[in-house]
Amino acid sequence: MGIIIPFYKAFDIVLDVIQWIVLVWVILSWVLFFASQTSFRWRYKSAYVILNQLNDIFTRMTSPFLRPFRRLVPPHKMGGIDWSPLLLLLAIYILRGVLAYLFAALITRG
């Protein structure tokens, strides 16, 4: 029974990291969108380039996790709104609940 605890905690940490990466990417994409719509991109070119590079990095990190959800709900069919980050966060939340329930069942049984 003692060997399951580190795996459970490691998997929970991985889910937590994925969750935070997705949240940071969503907020960064919003900031980049609004920065591109204002004069920020011409006034602060270096800051805009850094924002663009950070967005590219986070897009590459989140894209493998969001791809299955984008196949289910393509943004072009939903009025241009990408619901895949919300669906991924919801799936992580549900997966955490199921794993916590199974882990608690294993602990009380063993």
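- Rounding to the nearest 0.5 angstrom, the gap separating the CZ atom in F69 from the CG atom in D82 is 11.5 Å.
- Taking the six-membered ring for Trp and the full ring otherwise, Y44 and F40 have centroids separated by under 6.0 Å.
- With a 4.5 Å cut-off on side-chain heavy atoms, D12 and L99 do not count as touching.
- The shortest distance between side-chain heavy atoms of I81 and W83 falls below 4.5 Å.
- Residues K45 and R41 form no side-chain contact, since every pair of their non-hydrogen atoms from C-beta on lies 4.5 Å or further apart.
- F65 and W20 fall within a single hydrophobic cluster, where Ile, Leu, Val, Met, Phe, Trp and Tyr are joined by side-chain heavy atoms under 4.5 Å apart, directly or via other members.
- In this structure, the separation between CG on L32 and CD1 on I27 is 13.5 Å, given to the nearest 0.5 Å.
- The shortest non-hydrogen separation linking T62 to W25 is OG1-CD2, 3.8 Å.
- In this structure, V17 is not a member of the same hydrophobic cluster as I94, with clusters built from ILVMFWY side-chain heavy atoms closer than 4.5 Å.
- Of the inter-residue distances, the one linking I21 atom CD1 with F58 atom CZ reads 6.5 Å to the nearest 0.5 angstrom.
- Proximity of S36 to Y48: side-chain heavy atoms (C-beta onward) are separated by under 4.5 Å at one or more points.
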Q) Do D16 and R96 pass the side chain to side chain contact (heavy atoms under 4.5 Å, CB included) test, and can you show the C-alpha distance, the side-chain angles, and the key distance before you say yes or no? A) CA-CA 10 Å; D16 197 34; R96 275 189 169 168; 3.0 Å; yes

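- Hydrophobic clustering, with ILVMFWY side chains joined whenever heavy atoms are under 4.5 angstrom apart, keeps V98 apart from I18.
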Q | Test side chain to side chain contact (heavy atoms under 4.5 Å, CB included) applied to Q19 and V22, step by step | A | CA-CA 5 Å; Q19 180 180 353; V22 168; over 6 Å; no

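- Within the 3.5 Å criterion, the main-chain N or O of V26 finds a donor-acceptor partner in the side chain of S29.
- Between D56 and N52, the closest side-chain pair of non-hydrogen atoms is not below 4.5 Å.
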Cut-off 3.5 Å, no hydrogens considered: what does the side-chain donor-acceptor table look like for residues 2-11, sequence neighbours left out?
none

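- Closest of all the heavy-atom pairs between N55 and L28 is N-CD2, 3.4 Å.
- The two residues A35 and L51 come nearest to each other via the heavy atoms CB-CD1, 4.5 Å.
- Hydrophobic clustering (side-chain heavy atoms under 4.5 Å, transitive across Ile, Leu, Val, Met, Phe, Trp, Tyr) keeps F34 apart from V49.
- Considering every non-hydrogen atom in both L89 and L23, the closest pair reads CD1-CD2, 3.7 Å.
- No chain of hydrophobic side-chain contacts below 4.5 Å, direct or via other Ile, Leu, Val, Met, Phe, Trp or Tyr residues, connects L90 to L86.
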